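The structure appears below as structure tokens.
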Amino acid sequence: MTSPPETFEDREGYDEAFLGEFVVPMPVARGSLGDDVLDVPGGRLDYTHFSVVMSKSRRIALFVGVNISGEESVSIERSADKWSLDGRIPADAQVGEDMYTDNLLDRGHLVRREDPNWGADADTANEDTFHFTNCSPQMGAFNQRTWLSLEDYVLKNARKWKDRVSVFTGPVLRDDDRIYRGVRVPTA
């Protein structure tokens, strides 16, 4: 399934002024990573409360930035996951379902599904997280334990203190990462 480009027309993405006077700009890829950024308008794909910068060569995100509002956070029950390609970029510029079929790899959310789910657009934010542009192949045990524990800690404290948080995540890309199903899979 592919989300049509017009789906995202009103998406504002990561807000660098989200923390008030403490402005936190979206990172900028430099050097060889800068040369590997997929060319899209604005340099990033904007979703509800988060943005993704894609790698041309890897066809996965280089990094993501998300704004979390603990005070406005909304818990949305997880139902049947419906992952989609993003129609703003070519299908061959993003890794899809074929990568994750019949193996131990998880579709590891880079922006946690619950993090951008706040305010009036919480349902839309939740749906936006289920785009292949927002995941990286991760071993199930790491994704479901280690990474989940870190994500739980951040969101739990944002909610507890009714605070605002900006988070950046992404895979560590190395030249010696193994190729699996035509994709150089990050090991970190």
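Nothing here was measured: the structure is a model prediction, and the numbers come from that model. In what follows, residues are counted from 1 in the order of the sequence shown.
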Separation between OG (S166) and CG (D115), nearest 0.5 Å, reads 11.0 Å
With the 4.5 Å side-chain cut-off for hydrophobic clustering, are I68 and I76 part of the same group? no
message = Pairing donors with acceptors under 3.5 angstrom, does anything connect the side chains of N67 and D15?
response = no
Query raised in the report: Are V37 and V183 in one and the same hydrophobic cluster, where Ile, Leu, Val, Met, Phe, Trp and Tyr link if side-chain heavy atoms are under 4.5 Å apart?
Result: yes
Sequence neighbours excluded, the answer for salt bridge (Lys or Arg N to Asp or Glu O under 4.0 Å) partners of R88 is D86
| message | Show, in sequence, the C-alpha distance, side-chain angles and deciding distance for S73 and R159, and conclude whether the side-chain hydrogen bond (donor to acceptor under 3.5 Å, both in side chains) test is met. | response | CA-CA 7 Å; S73 184; R159 286 175 171 166; 2.8 Å; yes
One should read off an interatomic distance between D128 CG and D121 CG, to the nearest 0.5 angstrom, of 9.0 Å
Audit row: R181, V95, side chain to side chain contact (heavy atoms under 4.5 Å, CB included) steps and yes/no
CA-CA 10 Å; R181 296 186 178 175; V95 172; over 6 Å; no
Original post:
Hey, any chance V154 and L110 share a hydrophobic cluster, counting ILVMFWY side chains that come within less than 4.5 Å of each other, even indirectly?
Top reply: yes
Margin query: For R78, I'd like to know if atom CZ has over 12 heavy atoms of other residues, nucleotides or ligands within 6.0 Å.
Written below: yes
To the nearest 0.5 Å, atom CG of N134 lies from atom OG1 of T169 at 7.5 Å
For V23 and G20, the nearest pair of non-hydrogen atoms, with its separation, is CG2-O, 4.0 Å
- Task: Mark yes when over 12 heavy atoms from residues, nucleotides or ligands other than D176 sit less than 6.0 Å from its CG; otherwise mark no.
- Result: yes
In this structure, NE2 of H109 is separated from CD of E114 (nearest 0.5 Å) by 10.0 Å
_Path from F22 to Y14 over hydrophobic side-chain contacts below 4.5 Å_ = yes
Tightest non-hydrogen contact, residues R164 and L19, listed as O-CD2, 3.5 Å
Just by distance, with hydrogens left out, do T133 and Y47 show a side-chain donor and acceptor under 3.5 Å apart? yes
When rounded to the nearest 0.5 Å, the distance separating CD of E72 from CG of N117 is 12.5 Å
Other residues, nucleotides and ligands only: do more than 12 of their heavy atoms fall within 6.0 Å of CD on E12?
no
Next item on the list: Give the cluster check for W161 versus V24: same hydrophobic cluster or not, with ILVMFWY residues linked at side-chain heavy-atom distances below 4.5 Å.
Entry: no
Original post:
Around atom NZ of K162, are there more than 12 heavy atoms of other residues, nucleotides or ligands at under 6.0 Å?
Top reply: no
Quiz prompt | Between S55 and D36, a side-chain donor and acceptor under 3.5 Å | solution = yes
Q.
Please evaluate residues L173 and R58 with respect to the criterion side chain to side chain contact (heavy atoms under 4.5 Å, CB included), reporting the C-alpha separation (whole Å), side-chain torsions for both, the decisive distance (0.1 Å), and the verdict.
A. CA-CA 9 Å; L173 305 179; R58 299 288 185 115; 3.6 Å; yes
Measure from the ring center of F50 to the ring center of H131 and say whether it is less than 6.0 Å. no
When rounded to the nearest 0.5 Å, the distance separating NZ of K56 from CG of L62 is 10.5 Å
- Aromatic plane relationship, W83 with F130 - under 30° parallel, 30 to 60° tilted, over 60° perpendicular: perpendicular
Quiz item: Around D39, counting heavy atoms of other residues, nucleotides and ligands shown, do more than 12 lie under 6.0 Å from its CG?
Solution: no
* R11 versus T48, side-chain donor and acceptor atoms under 3.5 Å -> yes
With a 6.0 Å cut-off on the ring centroids, do W118 and F18 count as close?
yes
Determine, stepwise, if the pair S84 / F132 fulfils side chain to side chain contact (heavy atoms under 4.5 Å, CB included).
-> CA-CA 6 Å; S84 300; F132 285 106; 5.7 Å; no
Between L85 and G96 the two heavy atoms that sit nearest each other are CD2-CA, 4.0 Å
When you compare the side chains of T129 and R113, does any donor N or O come within less than 3.5 Å of an acceptor on the partner?
no
Side chain to side chain contact (heavy atoms under 4.5 Å, CB included) test vs L38 passes for just one of Q94, M54, R59, namely M54
* Report the C-alpha distance between R44 and D46 in whole Å, list the side-chain angles of each, state the deciding distance to 0.1 Å, and finish with yes or no for side chain to side chain contact (heavy atoms under 4.5 Å, CB included). => CA-CA 6 Å; R44 66 190 206 183; D46 287 334; 2.7 Å; yes
